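See structure below.
Model, not experiment: these values are computed from the prediction. Letters A, B, ... mirror the listed sequences (proteins, then strands); counts begin at 1.
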Number of protein chains: 2
Amino acid sequence: MNEKNQLARPFALPLPTIRRYPVYLRCINEMIAAGETHISSAVVAEKLGLDSVLARKDIAMAGVPGKPRRGYPARELQAAITAALGWDNSTDAVLVGVGSLGNALLGYRGFEEQSLSIAAAFDASPEIVGKTIHGVKVRPMADLPRLVKRLNIRLGILTVPNDAGQPCADKLVAAGIRGIWNFTSVRLSVPDGVIVQNVDLAQSLAVLSHAISAKR
Amino acid sequence: MNEKNQLARPFALPLPTIRRYPVYLRCINEMIAAGETHISSAVVAEKLGLDSVLARKDIAMAGVPGKPRRGYPARELQAAITAALGWDNSTDAVLVGVGSLGNALLGYRGFEEQSLSIAAAFDASPEIVGKTIHGVKVRPMADLPRLVKRLNIRLGILTVPNDAGQPCADKLVAAGIRGIWNFTSVRLSVPDGVIVQNVDLAQSLAVLSHAISAKR
DNA sequence: AAAATATCGCTATTGACATACCGATATAAA
DNA sequence: TTTATATCGGTATGTCAATAGCGATATTTT
């Protein structure tokens with residue numbers, strides 16, 4: 001029908017669309033659980049409080065053809081979005097830095113939904129190394145390169161103090177990591193080909209506290 | 001998503017600028033600690049790996065006049081950015097949902113830098129209510145309205161399971177909260193005037209896992 | 001079978017932010 | 001004193017995503 005879409009598919013997904021995909025996916029899962037066989041973009045938009053055109057465009061980018069008056073086939077759409085997110089097969093990750101935040105992430109149920117499992121945890125402190133936190137044994141940093149290579153792990157979760165951020169990132173990169181989920185406040189410098197996704201609580205809080213303090 | 005409307009009143013600070021302010025602030029603090037009395041936007045940009053023009057524009061928006069060849073007066077700039085973020089006087093917050101994530105946030109040292117202190121914590125589970133976590137006593141949900149009003153608290157931290165997200169948000173709003181730091185995956189619907197800032201781990205992870213799985 | 005309607009899919013416009021460019025000015029050097 | 005230079009401040013351009021509008025099409029209804 002339309003060869004343009006086919007050709008442009010693999011990397012044509014805008015970043016904001018990818019960010020919204022988990023939200024759509026959750027909604028679609030709920031609708032399937034409720035017995036729906038077809039998903040209308042308008043209904044999804046309504047449920048999520050999004051603009052109907054935006055939802056339609058995002059969903060259309062998944063590549064599944066929809067039918068007017070029926071919507072998109074539910075299962076196929078679910079599979080396509082799951083695949084686009086890379087959540088269709090399990091991803092192993094290592095976690096570096098078992099402080100309060102690292103501890104919480106180790107205990108966080110909910111990553112399974114995204115097919116993410118933390119295969120190993122590392123810490124520099126001898127007091128923590130050797131302990132088992134939420135079923136994961138904490139190993140010394142020296143073991144990191146070997147383990148990452150042996151298990152062919154591509155994702156690293158960085159939950160160390162700020163001053164250890166860059167050095168630990170370097171170690172992860174050297175071990176062959178492809179993506180870093182960065183929970184520190186430092187801006188990491190990594191070589192091309194390594195992807196960093198920042199979760200900076202300070203940045204997020206900044207917007208809130210500015211808005212709250214500005215309006216009074 | 002539509003917080004632009006709220007902030008358009010006294011200071012028209014762009015949202016991305018506000019998000020970058022904590023990063024600048026950290027850098028400025030370090031430079032002051034190193035003995036600098038004047039801050040050059042070019043130096044800040046260099047240190048942070050940002051575009052020099054971007055840093056200059058962001059810093060200029062703080063409202064402190066700088067001098068050519070010298071830079072911006074360090075202390076004044078520090079004070080201005082701190083004030084713009086609303087971090088100049090202490091903000092009290094309540095935390096709702098003492099699960100693994102809520103637990104971690106209660107124990108997280110580092111909010112003091114942003115003048116945020118968690119004044120009270122609430123949970124629906126009778127098993128948790130009454131316990132003291134990291135020095136904060138966990139109270140029943142029924143106490144929320146009274147306490148929020150009495151302490152005049154404006155910020156709520158939402159770390160409950162997804163299905164409890166909207167109901168708890170409603171309770172916070174009813175109690176008079178002005179801003180919600182939303183760690184759930186649900187998109188909250190709140191009345192105008194209440195600001196929601198989402199920290200959705202699933203969204204963040206989506207970008208990473210998509211990128212990692214796409215390139216191979 | 002024909003009309004009505006809901007939904008998809010495409011293109012154009014808008015708007016916000018980042019980037020680039022250029023002039024102004026204060027400090028330092030000659 | 002004069003010249004050079006680094007830095008600030010404003011204006012203009014480009015880019016990307018959100019929004020709006022319109023035509024196409026399949027399903028339902030009469």
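- The phosphate of D:dG9 (OP1 or OP2) has a side-chain N or O of B:Tyr72 nearer than 4.0 angstrom.
- Here the rule is side chain to side chain donor-acceptor pair (under 3.5 Å) with A:Gln166, and of A:Asn162, A:Asp163, A:Asp170 only A:Asp170 fits it.
- With rounding to whole Å, B:Ile39 atom CD1 is found 11 Å from D:dC8 atom P.
- Rounded to a whole Å, the CG atom of A:Leu50 is 17 Å from the P atom of D:dA17.
- We find that A:Lys47 and A:Glu30 are not joined by a salt bridge, their nearest charged nitrogen and carboxylate oxygen being 4.0 Å or further apart.
- The backbone N or O of A:Val98 sits less than 3.5 Å from a side-chain atom of A:Asp123, completing a donor-acceptor pair.
- OP1 or OP2 of C:dC8 sits under 4.0 Å from a side-chain N or O of A:Ser41.
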Sequence-aligned protein contact record of nucleotides 18-30 of chain C, with B where the base is within under 4.0 Å of a protein heavy atom and S where only the sugar-phosphate is: SBBB---BSBS--
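- Atoms CG (A:Leu13) and P (D:dA17) sit 11 Å apart, rounded to a whole Å.
- No donor-acceptor pair closer than 3.5 Å links the side chain of A:Asp92 to the backbone N or O of A:Ala119.
- One can place NE2 of A:His38 at 15 Å from C1' of D:dT28, the figure rounded to the nearest angstrom.
- Distance alone, capped at 3.5 Å, is enough to place a donor-acceptor pair between the B:Ser209 side chain and the A:Leu85 backbone.
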side-chain contact (heavy atoms from CB on, under 4.5 Å) between A:Met141 and A:Cys168, intermediate numbers included: CA-CA 9 Å; A:Met141 288 299 290; A:Cys168 287; 4.1 Å; yes
